[in-house]
Asks: 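Mind looking over this structure? Questions follow.
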Amino acid sequence: MKKQFFTLVLMIFVSVAFGQKKNQVDLTAPKMPVDQTTKLITYSEVVQQQGTPEELYAKALAWARNYYKNAERVIKAKDATNHKLILHPLFKVLNPPDKKGIQTMGGIVTYIMTIECRDGRYKFTINKFAWKQPSFYPCEKWMDPTIATYQKRFGPFLQQLDKEANKVVADFKKAMGNVPAKKDDNW
């Protein structure tokens with residue numbers, strides 16, 4: 001009986017150990033925040049923060065100049081009167097690794113980040129993600145596996161998009177001296 005049990009455990013271990021694929025990549029798309037009105041992937045928040053609109057605008061502008069390598073190309077609009085910044089950054093996405101584990105360039109993704117500052121709060125919105133192609137290709141198409149142009153690599157592309165957006169948000173909020181956010185729908 002012990003011998004049969006040992007053999008069974010050994011067979012399960014071997015099948016599990018050799019049944020897994022080397023360099024297996026998660027191709028599933030993450031749950032993306034989609035604006036109900038525009039149907040665009042959108043990261044947005046109103047954050048309560050002590051300071052005047054001028055102080056918050058200056059912090060946001062300093063963050064943009066520090067965070068992006070080529071800030072003057074990224075900053076498309078600086079409106080000190082209305083305390084608003086519009087940024088057009090980009091980042092690259094990588095294809096899933098091939099059988100040898102090598103990742104190649106999948107393309108460039110552009111997006112728009114809008115920062116608005118008011119007395120005691122600021123609002124950021126990151127949206128309008130687009131995959132640079134000869135014609136406009138919104139990244140929202142990556143979420144629809146029913147379209148003819150859908151590819152398995154779109155899941156990892158969305159993972160990278162989500163990771164990049166969350167990294168930008170975290171760094172921005174840290175630079176602004178984030179305090180706990182309160183839900184404020186009366187922007």
Side-chain angles (χ1 to χ4, degrees), residues 16 18-47 60-61 63-77 84-116 122-176 178 181 183 187:
V16 169
F18 291 104
Q20 295 179 359
K21 294 181 182 177
K22 189 177 181 182
N23 296 331
Q24 190 172 10
V25 176
D26 179 16
L27 297 175
T28 58
K31 179 82 172 131
M32 303 301 290
V34 177
D35 182 272
Q36 294 302 317
T37 306
T38 63
K39 305 295 185 216
L40 298 175
I41 297 169
T42 304
Y43 297 80
S44 184
E45 188 176 344
V46 175
V47 180
L61 184 58
W63 169 80
R65 287 183 172 149
N66 185 50
Y67 188 78
Y68 295 105
K69 290 179 184 174
N70 190 358
E72 294 311 313
R73 186 202 59 76
V74 170
I75 301 170
K76 295 298 181 188
K84 184 176 180 177
L85 285 171
I86 299 176
L87 313 174
H88 287 219
L90 52 87
F91 64 96
K92 61 181 165 181
V93 289
L94 301 174
N95 288 314
D98 61 12
K99 292 178 183 177
K100 295 179 181 178
I102 299 171
Q103 284 187 292
T104 57
M105 177 79 149
I108 300 290
V109 173
T110 63
Y111 61 95
I112 296 176
M113 181 174 188
T114 305
I115 303 167
E116 300 171 90
Y122 63 88
K123 178 181 180 181
F124 65 85
T125 304
I126 302 173
N127 62 3
K128 299 183 183 172
F129 292 91
W131 191 21
K132 286 192 87 162
Q133 299 288 308
S135 62
F136 182 74
Y137 195 100
C139 293
E140 287 76 17
K141 287 185 178 183
W142 291 347
M143 298 188 308
D144 186 1
T146 63
I147 62 173
T149 57
Y150 184 80
Q151 300 173 25
K152 288 182 181 179
R153 65 184 178 155
F154 291 168
F157 283 5
L158 285 169
Q159 293 170 6
Q160 294 171 62
L161 185 154
D162 187 52
K163 183 179 178 181
E164 177 70 18
N166 284 315
K167 184 177 90 171
V168 169
V169 167
D171 196 81
F172 177 64
K173 288 170 73 173
K174 181 180 174 187
M176 293 297 285
N178 184 31
K183 186 81 171 165
W187 176 250

Asks: Can you give me every donor-acceptor pair (side chain of residues 87-96, partner residue at least two apart or in another chain, under 3.5 Å) with its distance?
Replies:
residue	atom	partner	partner atom	Å
N95	OD1	R153	NH1	2.6
N95	ND2	T104	OG1	3.0
N95	ND2	M105	O	3.2

Asks: If every non-hydrogen atom of L158 is compared with every non-hydrogen atom of C139, which pair is closest and at what distance?
Replies: CD2-O, 4.2 Å
Asks: Below 4.5 Å, heavy atoms only, C-beta onward: do Y67 and V168 meet side chain to side chain?
Replies: yes
Asks: Between T149 and Y137, is any pair of side-chain heavy atoms under 4.5 Å apart?
Replies: yes
Asks: Looking at K69 and N66, would you say the former's side chain and the latter's main chain have a donor-acceptor pair under 3.5 Å?
Replies: no
Asks: Check side chain to side chain contact (heavy atoms under 4.5 Å, CB included) between K84 and all other residues, then give those that pass, not counting sequence neighbours.
Replies: D79, I86, T114, E116
Asks: Do you know which two heavy atoms are closest between A64 and I75, and how far apart they sit?
Replies: CB-CD1, 4.1 Å
Asks: Nearest 0.5 Å, what's the CD-CD distance between Q159 and E164?
Replies: 14.5 Å
Asks: V109 vs Q160, test: side-chain contact (heavy atoms from CB on, under 4.5 Å). Steps then yes/no.
Replies: CA-CA 10 Å; V109 173; Q160 294 171 62; over 6 Å; no
Asks: For residues T110 and K128, determine if any side-chain heavy atom of one lies less than 4.5 Å from a side-chain heavy atom of the other.
Replies: no
Asks: Going by side chain to side chain contact (heavy atoms under 4.5 Å, CB included), name the residues that satisfy it together with D35, two or more places apart in sequence or in a different chain.
Replies: T37, T38, T42
Asks: Rounded to the nearest 0.5 Å, how far does CG of N166 lie from CG of L161?
Replies: 9.5 Å
Asks: Got more than 12 heavy atoms from elsewhere within 6.0 Å of NZ, K141?
Replies: yes
Asks: Does the ring center of W63 lie less than 6.0 Å from the ring center of F124?
Replies: no
Asks: Looking at every non-hydrogen atom in both residues, tell me the closest pair between A130 and F136 and how far apart they are.
Replies: CB-CE1, 3.5 Å
Asks: Would a 4.5 Å heavy-atom cut-off, applied to side chains only, mark M143 and I41 as touching?
Replies: yes
Asks: Working to the nearest 0.5 angstrom, can you tell me the gap between K167 NZ and D162 CG?
Replies: 13.0 Å
Asks: Does F129 have its ring centroid less than 6.0 Å away from the ring centroid of W142?
Replies: no
Asks: Measure across E140 and L40 and return the closest heavy-atom pair with its distance rounded to 0.1 Å.
Replies: OE2-CA, 3.3 Å
Asks: I need the M113 CE to N127 CG distance, nearest 0.5 Å.
Replies: 11.0 Å
Asks: Compare all side-chain heavy atoms of V47 with those of M176 and state whether any distance is below 4.5 angstrom.
Replies: no
Asks: Assert yes or no for the condition that the ring centre distance of F172 to Y43 is strictly below 6.0 Å.
Replies: no
